[in-house]
Amino acid sequence: MVFEESLEYVKELFAKYIPDKVWELLPKSKITKALLVGVSAGFLAYMIFKKRYKLPPGPRGWPIVGNTILFSEGNLPKICTDLARKYGPVYMIYFGRERCVILNNLEVINEALLKKGAQTSDRFSGYAMDITLHNSEDIIFGSYGTGWKLRRKVAARALRLFMVRGRLNEKIQLAVSMTVEAMLKEKEPFDPKPYMFYTTLNIIAGFCFSASYEYDDPKYLEFLKLMNEQASVSSKGIMFENICSTFARLGIYKTESCRKFESLVGRILVLIGEHVEQHRANFKSGEVNDLIDSLLEAEREIASEGEENMAYFQPIHISLIVFDIFLAGNETSRSTLLWAMMFILGVPNVQKKIQEEVDSVSGGRFLTTDDRKHLAYTDAVLHEVMRLGPVAPLGVGHRVSCDVTLGGYDIPKGTMMLTNLWALHVDPDFWPDVDQFKPERFLNEDGKMAPKPDNWLPFSAGRRVCLGEPLAKAELHLILAGLFQQLEFAPAPGTSVDIEPDIKGVALVPKPFKVVVKKRY
Ligand code: HEM
């Protein structure tokens with residue numbers, strides 16, 4: 001009786017959609033009838049009432065792998081930019097089952113990062129980061145929430161202190177002097193790449209844990225090896241486990257890249273953990289010499305405020321924050337310096353102009369960050385290097401935390417979001433002579449730095465903007481000014497430096513080149 005009444009009710013509800021004749025076809029058995037009606041009604045209700053998304057267009061994907069093959073080799077930012085020509089500035093692709101929206105012009109990147117930052121600032125972390133970084137509870141890969149906010153605030157405070165209390169100048173001067181000394185020992189043409197890392201390592205290790213290394217120090221050599229291997233793993237493209245983690249989580253299969261990544265990150269964390277323990281053993285409140293001291297001080301403050309925030313700031317988080325700053329601070333800066341070296345030696349007169357400017361300001365003394373405003377040409381060179389030499393051309397993957405519209409399309413909750421910053425930097429409608437290296441484009445008529453062009457966004461923007469932007473700009477500027485103040489660089493005799501980048505895996509890198517140096521005075 002109850003079933004008959006229910007059936008009548010369902011018939012009435014769907015009368016608009018299902019003609020009477022269809023109901024006559026139902027089997028006689030009550031159980032089969034009930035099952036059939038239940039399942040069909042459920043399906044129909046789903047189809048009628050389900051949320052309809054107006055998803056962005058995009059290339060057709062393959063079953064299981066989606067569009068991953070499209071991105072497995074070649075110049076990733078260029079592939080993304082080419083796709084934007086076909087599908088428009090907002091399009092959707094699939095890495096396996098992972099849905100990803102790619103944003104390709106200033107309007108929509110600003111809409112996402114600035115106007116709708118509250119909805120778009122979560123992170124895409126992935127299996128490899130989750131497994132190595134304590135469920136991605138660091139800053140870079142951390143979910144957008146209370147823990148991330150607290151850790152970012154504490155690290156930002158330490159960075160500010162490092163910059164304003166003058167230690168930055170001291171560390172950069174020391175690092176540049178050590179690099180100059182080591183380079184001058186080279187008797188043959190040499191690859192400048194390891195020296196770029198040597199310089200940034202001595203600054204970032206100085207900031208993180210007050211360490212500095214000689215050029216033949218086994219610790220420096222170990223960090224160099226780890227960083228090179230890490231860069232090589234990252235350049236291989238999208239890690240399988242980050243788009244399909246089932247096999248890895250079940251312990252059935254892991255790719256070579258994933259295993260290598262885990263062991264590299266594990267080793268760097270062990271080295272950092274040793275520094276944290278040494279600092280903890282000698283820590284005196286009020287005596288803050290570096291990032292670890294600053295984090296230990298913050299740990300005490302947070303504990304003294306009560307239990308509320310302590311879960312977000314455990315001892316492991318100290319190591320993870322130091323890991324982030326150490327990795328992001330070295331990898332990005334050393335790569336930018338190598339691009340800079342390539343452009344400065346590959347484009348006529350750039351080195352000469354830097355040296356003339358530096359000589360006119362310094363009079364032979366050590367430069368400091370206060371000199372930056374008087375070294376506008378050098379600053380413009382750095383800006384042009386960062387325009388063309390992409391360190392994070394697609395930013396770092398975000399994830400939208402709730403349904404949001406971008407560029408007029410619906411982006412469902414959970415979608416990964418990439419910002420094609422490189423597309424802004426090579427937009428021919430914005431930059432005249434877009435492919436040419438022209439630092440002057442950043443200067444005004446008086447030869448001073450002009451306001452930042454809207455389409456120049458190497459550090460991204462909004463709530464997840466690069467935490468190290470102020471440090472990176474000041475540090476890289478002073479390193480370049482300091483190196484070219486003291487040394488004359490030239491390509492190895494009989495060679496020239498090719499400024500056409502190389503494609504290594506999916507990363508864009510300078511082609512290998514060798515240099516010779518001599519002391520200027
Ligand atoms: C040339 C130098 C650098 C470039 C081009 C660069 C670029 C970027 C970009 C594009 C992001 C992602 C922003 C987003 O998600 O929208 C980022 C994040 C980050 N960067 Fe940098 N970076 C540089 C140097 C540094 C340095 C020197 C440090 C540290 C001292 C640093 C620390 C970080 C951190 C901690 C994040 C994560 C921020 C968050 O998720 O809240 N970066 N960087």
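In listed order, ligands and their atoms are each counted from 1.
For atom 27 (C) of ligand 1, the closest non-hydrogen atom of the protein is G329 CA, 3.5 Å. Ranking protein heavy atoms by distance to atom 42 (N) of ligand 1, first place goes to C466 SG, 3.0 Å. Of the protein's non-hydrogen atoms, A328 CB, 3.5 Å is the one closest to atom 32 (C) of ligand 1. With hydrogens left out, the protein atom closest to atom 10 (C) of ligand 1 is P458 O, 3.4 Å, a heavy atom. Shortest contact from atom 41 (O) of ligand 1 to any protein heavy atom: R152 NH1, 2.8 Å. For atom 13 (C) of ligand 1, the closest non-hydrogen atom on the protein side is R464 O, 3.1 Å. Of all protein heavy atoms, the one closest to atom 1 (C) of ligand 1 is T336 OG1, 3.2 Å. Looking only at heavy atoms of the protein, atom 3 (C) of ligand 1 is closest to F459 CE2, 3.4 Å.
Under a 4.0 Å N-O distance rule, the pair E384/R387 qualifies as a salt bridge. Salt bridge annotation for E214-K219: absent, with no cationic side-chain nitrogen under 4.0 angstrom from a carboxylate oxygen. Checked for salt-bridge contact, R372 and D379 meet the test: a charged N lies under 4.0 Å from a carboxylate O. For R157 and E301, the salt-bridge test passes: some basic side-chain N is under 4.0 Å from an acidic carboxylate O.
An N or O contact shorter than 3.5 Å links S460 to ligand 1 by distance. Ligand 1 has no nitrogen or oxygen under 3.5 angstrom from a nitrogen or oxygen of R463.
At least one heavy atom of W148 sits closer than 4.0 Å to an atom of ligand 1. The closest approach between any non-hydrogen atom of H398 and ligand 1 is below 4.0 Å. The shortest separation from a heavy atom of I325 to ligand 1 is under 4.0 Å, placing the residue in contact. In this structure, K473 does not count as a contact residue of ligand 1, since none of its heavy atoms falls inside 4.0 Å of the ligand.
Set against the non-hydrogen atoms of L471, the atoms of ligand 1 under 4.0 Å away are 30 (C). Ligand-side atoms of ligand 1 in range of T332: 2 (C), 3 (C), 22 (N), 23 (C), 24 (C), 25 (C), range being under 4.0 angstrom from any heavy atom. Taking every non-hydrogen atom of A392 and a distance limit under 4.0 Å, the qualifying atoms of ligand 1 come out as 10 (C).
Distance alone, capped at 3.5 Å, is enough to place a donor-acceptor pair between the T200 side chain and the F197 backbone. A donor-acceptor pair is defined here as one N or O able to donate and one able to accept, closer than 3.5 Å; no such pair exists between the side chain of E297 and the backbone of V288.
With atom 34 (C) of ligand 1 as the reference point, the heavy atom nearest to it among L467, T120, L418, L476 is part of L467.
Closest of all the heavy-atom pairs between N289 and R167 is O-NH1, 3.6 Å.
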Side-chain atoms of residues 407-419: list all donor-acceptor pairs with protein atoms under 3.5 Å, sequence neighbours left out, distances to 0.1 Å.
unit_1	atom_1	unit_2	atom_2	d
D410	OD2	K54	N	2.7
T415	OG1	P412	O	2.6

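Here the options are T369, D370, T368, the test is side chain to side chain donor-acceptor pair (under 3.5 Å), and the partner is N169; only T369 passes. With respect to K511, the salt bridge (charged side-chain N to carboxylate O under 4.0 Å, His left out) criterion is satisfied by exactly one of D191, D502, D498: D498.
Contacts between R123 and ligand 1 below 4.0 angstrom, taking non-hydrogen atoms only, involve the side chain exclusively.
Under the 3.5 Å distance criterion, with hydrogens and angles disregarded, no donor-acceptor pair is assigned to the side chains of R123 and Y144. There is no side-chain donor-acceptor pair under 3.5 Å between T132 and E262.
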